[in-house]
Amino acid sequence: MKKHNFSAGPCILPQEVLKQAADAVVNFNGLNLSLIEISHRSKEFIEVMENARSLVKELLNLPEGYSVLFLQGGASLEFLMSAYNLMKVDGKAAYLDTGAWSTKALKEAKLLGDVDVIASSKETTYNYIPKNYSIPTDIDYLHFTSNNTIYGTQFKEFPKTDSLLVCDMSSDIFSRELDFTQFDLVYAGAQKNMGPAGTTLVIVKDEILGKSGRDIPSMLDYQKHLNADSMFNTPPVFPVYVSMLTLQWLKDLGGVKAIEKLNEEKAALLYAEIDRNPLFKGFAAKEDRSLMNVTFNLTDEATGEVFDKIWNAAGISGIKGHRSVGGYRASIYNAMPIESIQVLVDAMQQFEKEI
Ligand SMILES: *Cc1c(COP(=O)(O)O)cnc(C)c1O
């Protein structure tokens, strides 16, 4: 039987998407050729790329003037690329430090200019989202991480600035309805809520490009990728195709609005058990709890072996917490059915009975 996959990333994808993807690897669209052996310049693949890009626009309700790219290098390359394209020569950027990914992002930006870390929750292992900070006005952009995959915290309200706003949305894109006009640049590695590892979604407001005053290496230049319709070089054909299938799956399900409601129900079910069951305590501050990554610890570490046995026997996989937080992390991305969360809740209750 298929496991209940709570892995943080790569992670669960819809079962029907995996089946369609497997079929396309053998015989794509009845061409008697594999998806991964046809030219990326073929009309069939160009159609895949264009369909994927337009599904992103449609599902996120992107306004005119925003473009969509499928690039490579992961969110980690976007840490550098975003700075390369937006940090002016002798420029400055502000960063909100809400975890390991934010820290890595700002480290790359420091290669290109001044970085002002305007708030950080590092001293409490990033278990909350800082709220009272002031945003300097003399910055080229403000960067933040909307969902902190490792710690299970999530911005519910976004920073407001007249400067450009850049968001690493890797682990919660397509999970809730947002007004994208507030962002100038958004990026997300595919492997959390969209597809397999190997492509990164980038959403950029066209008018912000070409203003940094630097020479940008071709592969790091958003404008070059835009000019080539996201095919400046050979795109990652398989991850783009599977992302397209997942986006189509999401559209058929009713889109982001529908999935947001399900995501809220799923998270509520699990957090209610964490708060009720005396053997567990939540890690993240309640008001900042993530709807995607649910982090929790045992109240008595010594009981861990018993709990681990129970959830393993229940067919649950991937709930061990990140080493910096310990305990457990249940990642409950879009493709996670509520039935699997119920299995985890049952295991937690079983544990309570056995202890
Ligand atoms: C996983 C993750 C990353 C890193 O993504 P890569 O594609 O491995 O580079 C960056 N930011 C966030 C928020 C993540 O969850």
Side-chain angles (χ1 to χ4, degrees), residues 5-13 69-84 95-109 111 117 120-122 125-130 141-156 158-159 165-176 178 183 185-203 219-220 225 235-236 238-240 242-243 246 263 283-284 288-295 318-325 329-336:
N5 182 8
F6 289 89
S7 174
C11 53
I12 188 167
L13 288 170
L69 297 169
F70 284 92
L71 304 181
Q72 301 189 60
S76 297
L77 186 60
E78 293 315 308
F79 299 160
L80 176 67
M81 212 165 152
S82 52
Y84 235 118
Y95 278 69
L96 286 165
D97 177 26
T98 56
W101 297 121
S102 308
T103 306
K104 287 186 173 160
L106 68 91
K107 179 169 174 251
E108 301 302 307
L111 296 170
V117 180
S120 172
S121 46
K122 186 175 182 182
T125 322
Y126 299 112
N127 70 343
Y128 71 100
I129 299 287
Y141 64 91
L142 168 65
H143 178 285
F144 76 109
T145 315
S146 57
N147 184 71
N148 298 280
T149 325
I150 296 176
Y151 317 91
T153 62
Q154 187 175 35
F155 278 81
K156 307 295 169 182
F158 298 131
L165 187 61
V166 179
C167 182
D168 173 0
M169 213 177 272
S170 292
S171 52
D172 68 348
I173 194 157
F174 301 112
S175 70
R176 53 178 171 169
L178 295 176
F183 305 111
L185 176 67
V186 172
Y187 59 86
Q191 71 275 18
K192 308 281 164 53
N193 228 354
M194 191 175 72
T199 190
T200 319
L201 173 62
V202 172
I203 296 162
M219 277 296 282
L220 301 185
H225 289 283
F238 184 71
V240 171
V242 183
S243 298
T246 311
N263 286 335
F283 175 78
D288 302 324
R289 281 174 162 177
S290 168
L291 295 187
M292 295 281 100
N293 311 96
V294 178
T295 48
I319 63 162
K320 275 284 185 192
H322 189 270
R323 61 189 179 280
S324 58
V325 173
R329 167 175 54 174
S331 297
I332 55 174
Y333 298 113
N334 283 354
M336 169 69 62

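Atoms within a ligand are numbered from 1 in the order they appear, just like the ligands themselves. Please read all numbers here as calculations on a predicted model, not as lab measurements.
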Asp172: side chain to side chain donor-acceptor pair (under 3.5 Å) partners, not counting sequence neighbours: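 Side chain to side chain donor-acceptor pair (under 3.5 Å) list for Asp172, sorted by chain: Ser146, Gln154, Arg176.
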Does any donor atom in the side chain of Asp168 or Thr145 lie under 3.5 Å from an acceptor atom in the other side chain?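 Looking only at side-chain atoms, Thr145 and Asp168 do not form any donor-acceptor pair under 3.5 Å.
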In terms of ring plane angle, is the pair Phe158 and Phe144 parallel, tilted or perpendicular, where the classes change at 30° and 60°?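 Aromatic pair Phe158/Phe144 classed tilted.
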Would you call the rings of Phe79 and Trp101 parallel, tilted or perpendicular, taking 30° and 60° as the class edges?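 Tilted, since the angle between the ring planes falls between 30° and 60°.
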Is a donor on one side and an acceptor on the other found under 3.5 Å between the side chain of Tyr151 and the backbone of Ala100?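 The answer is yes, because a donor-acceptor pair under 3.5 Å joins these two groups.
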Are any protein N/O atoms closer than 3.5 Å to the N/O atoms of ligand 1? If there are, list each pair with names and the distance to one decimal place.
{"unit_1": "ligand 1", "atom_1": "7 (O)", "unit_2": "Ala75", "atom_2": "N", "d": "3.1"}
{"unit_1": "ligand 1", "atom_1": "7 (O)", "unit_2": "Gln191", "atom_2": "NE2", "d": "2.9"}
{"unit_1": "ligand 1", "atom_1": "8 (O)", "unit_2": "Gln191", "atom_2": "NE2", "d": "3.4"}
{"unit_1": "ligand 1", "atom_1": "9 (O)", "unit_2": "Ala75", "atom_2": "N", "d": "3.2"}
{"unit_1": "ligand 1", "atom_1": "9 (O)", "unit_2": "Ser76", "atom_2": "N", "d": "2.8"}
{"unit_1": "ligand 1", "atom_1": "9 (O)", "unit_2": "Ser76", "atom_2": "OG", "d": "2.6"}
{"unit_1": "ligand 1", "atom_1": "11 (N)", "unit_2": "Asp168", "atom_2": "OD2", "d": "2.6"}
{"unit_1": "ligand 1", "atom_1": "15 (O)", "unit_2": "Thr149", "atom_2": "OG1", "d": "2.5"}
{"unit_1": "ligand 1", "atom_1": "15 (O)", "unit_2": "Lys192", "atom_2": "NZ", "d": "2.7"}

Derivation and outcome, side-chain contact (heavy atoms from CB on, under 4.5 Å), residues Thr199 and Leu71: CA-CA 5 Å; Thr199 190; Leu71 304 181; 5.7 Å; no
